[in-house]
2 protein chains.
Amino acid sequence: MSNKSAPTPAYQRIKDSILANIHSGIWTAGTAIPTEMALTETFGVSRMTVNRALKELTDEQILERRQGSGTFVAQNKFNQTFITVHNVRQDIEQIGKHYHANCIFAKQIAYDKLPDLAKSLFLHSQILYEVHIVHYGDGEPLQVERRIVDIGLVPDFSRQNFNLINTSDFLIKKVPLVHGKYKIIAANCPDDIAQLLGVGKDTPVLLLRRHTYSSGLVVTLVEMWQAGDSFMFEGVL
Amino acid sequence: MSNKSAPTPAYQRIKDSILANIHSGIWTAGTAIPTEMALTETFGVSRMTVNRALKELTDEQILERRQGSGTFVAQNKFNQTFITVHNVRQDIEQIGKHYHANCIFAKQIAYDKLPDLAKSLFLHSQILYEVHIVHYGDGEPLQVERRIVDIGLVPDFSRQNFNLINTSDFLIKKVPLVHGKYKIIAANCPDDIAQLLGVGKDTPVLLLRRHTYSSGLVVTLVEMWQAGDSFMFEGVL
DNA sequence: TAGTGGTCTAGACCACGTT
DNA sequence: ACGTGGTCTAGACCACTAA
């Protein structure tokens, strides 16, 4: 009765079979697919194995399950697309360019000198540190990072050399399991950023702004500016 | 011996416990966590239940598993962020505005009148259809959609009323399980788009460009323009 | 009430890495 | 050789939905 554990696992064969039925149009969005018991008999496997296949397809938003009712082909897919935002360094190296960084500003700052946006986020913090870092690909400036960190929560931060250490890499080691929110905005490039990026003033740029929490407190607020045509977010559905 | 199926499932309690250890800093990135057998005894559950908890945390990129070696706290997290791009209609209705659409252009177009980008994608297609649609929130134009569809693959497309039917919703029904690539670009708003969006020329705008495949052929190419400050992509890590 | 999915058990064999 | 995770079984009880 034991399974010979063929090259392709049973749950994968079941997934492939279901995907083939959807792909070929036999099962369209909203269609009820066979029950777990039915698939158990069709494929000659235990219910747990069928369950795993269906659960994974549900996690991938391809199926939708309703307890007491059945399993259905999901409606979405087009409507929910994921974009992956990587580390700057990874992004730059992935397009085959040599990466380096230059930290041009690193100072402790007073709470009342913060921009309004930052004030609303760092309500309970007194000790804040700001860094400005330019990220280069093959010697060309591709991204400007402006970051504010609550060094009450990450005391070592101000003692790092950010020409060598990536701020994100450092923070994730010190403050694991963070949670954040971000926005991508198209903006005209302010003067100072334009100079650093080597583009004309009022060139359109992508601004990614993110603040990151740990245990309910904002650890860091970061703005990443990049010239619109030299860099972009990219992803696969 | 049977489990009483408490309000919170056993696998969830195990996940919570592991997350608590990571969150509190007891287990940091790279740390090896207890083996499945050890957790089986600790929590008094079967190995399958422990396995589910660990598998889910691995899928969520919080743990990393190495066969023959062990389970470890993952390094990433900061470095891979997901942005969800929804349907325009969903996005507009989610911010509490009334949605409506206006299709202002819908014509079959000849292959040699395509822009270069489109030519490279629709190599094998002869019958192409282009639509321009403006999406409104509370009567205000928020997004302009320009789309080219291979109606050799989706013949019904040209007969729809896109004031009422969402192009994405229609396509996903006709061409299930598609696969696509997209880019988000910051650009200066061209004249015609600026007029439709009701913004000044050269206002910075977000341009999301996506082409979508089915069975290896490009089904549709779409450009979605939206004013930089009135709309944005947003997500949670 | 009958049928569905949600969860769980107590075993098992296997592939892989480390020793 | 040994311990790890990867997969699987043949049952089971439960919660939920629909008839």
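Reminder, nothing fancy here: chain letters follow the sequence lines and each chain counts from 1.
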With the criterion being N/O to N/O and under 3.5 Å, what pairs connect the protein with nucleotides 1-5 of chain D, and how long is each?
residue: D:dG3; atom: N2; partner: B:G68; partner atom: O; Å: 3.3
residue: D:dT4; atom: O2; partner: B:G68; partner atom: N; Å: 3.0
residue: D:dG5; atom: OP1; partner: B:T71; partner atom: OG1; Å: 3.0
residue: D:dG5; atom: OP2; partner: B:E36; partner atom: N; Å: 3.0
residue: D:dG5; atom: N2; partner: B:Q67; partner atom: OE1; Å: 3.3

### Message
Using OP1 and OP2 only, check whether a side-chain N or O of B:T49 sits under 4.0 Å from C:dT9.
### Response
yes
### Query
For the pair made of CG in A:L63 and C1' in C:dT4, what is the distance, rounded to whole Å?
15 Å
### Task
Measure from CG on B:D59 to C1' on D:dG6 and round the result to the nearest Å.
13 Å
### Query
In whole angstroms, how far is the C1' atom of C:dG5 from the CD atom of A:E64?
13 Å
Would you list the atom pairs, donor with acceptor, under 3.5 Å between side chains in residues 51-58 of chain A and any protein atom, with sequence neighbours excluded?
residue: A:N51; atom: ND2; partner: A:E36; partner atom: OE2; Å: 2.8
residue: A:R52; atom: NE; partner: A:E56; partner atom: OE2; Å: 2.9
residue: A:R52; atom: NH2; partner: A:Y11; partner atom: OH; Å: 3.3
residue: A:R52; atom: NH2; partner: A:E56; partner atom: OE2; Å: 3.3
residue: A:K55; atom: NZ; partner: A:D59; partner atom: OD2; Å: 3.3
residue: A:K55; atom: NZ; partner: B:E56; partner atom: OE2; Å: 3.2
residue: A:E56; atom: OE1; partner: A:K15; partner atom: NZ; Å: 2.9
residue: A:E56; atom: OE2; partner: B:K55; partner atom: NZ; Å: 3.2
residue: A:T58; atom: OG1; partner: A:L54; partner atom: O; Å: 2.7

### Task
Determine whether B:V219 and B:D150 make a side-chain contact, defined as any pair of heavy atoms from C-beta on separated by less than 4.5 Å.
no
### Task
Would you please name every residue forming a salt bridge (charged side-chain N to carboxylate O under 4.0 Å, His left out) with A:E41, sequence neighbours left out?
none
### Rounded interatomic separation in angstrom, taking CZ from A:F43 and C1' from D:dT7
17 Å
#### Entry: Partners passing side chain to side chain donor-acceptor pair (under 3.5 Å) against B:N161 (at least two apart in sequence or in another chain)
none
### Task
Specify the separation, in whole Å, of atom CZ of B:R52 and atom C1' of C:dT7.
7 Å
### Message
Please enumerate all residues that pass side chain to side chain donor-acceptor pair (under 3.5 Å) together with A:Q67, with sequence neighbours excluded.
### Response
none
### Message
In this structure, how many angstroms lie between the C1' atom of C:dT7 and the NZ atom of B:K15, rounded?
### Response
14 Å
### Query
Is the phosphate of D:dT7, meaning OP1 or OP2, less than 4.0 Å from a side-chain N or O of A:Y11?
yes
### Task
State which residues pass side chain to side chain donor-acceptor pair (under 3.5 Å) with B:E223; sequence neighbours excluded, sorted by chain then number.
B:R209
### Task
Could you state the atom-to-atom distance from CD of B:E56 to P of D:dG6 in whole Å?
14 Å
### Query
Taking atom P of D:dG6 as reference, at what distance in whole Å does atom CZ of A:R13 sit?
19 Å
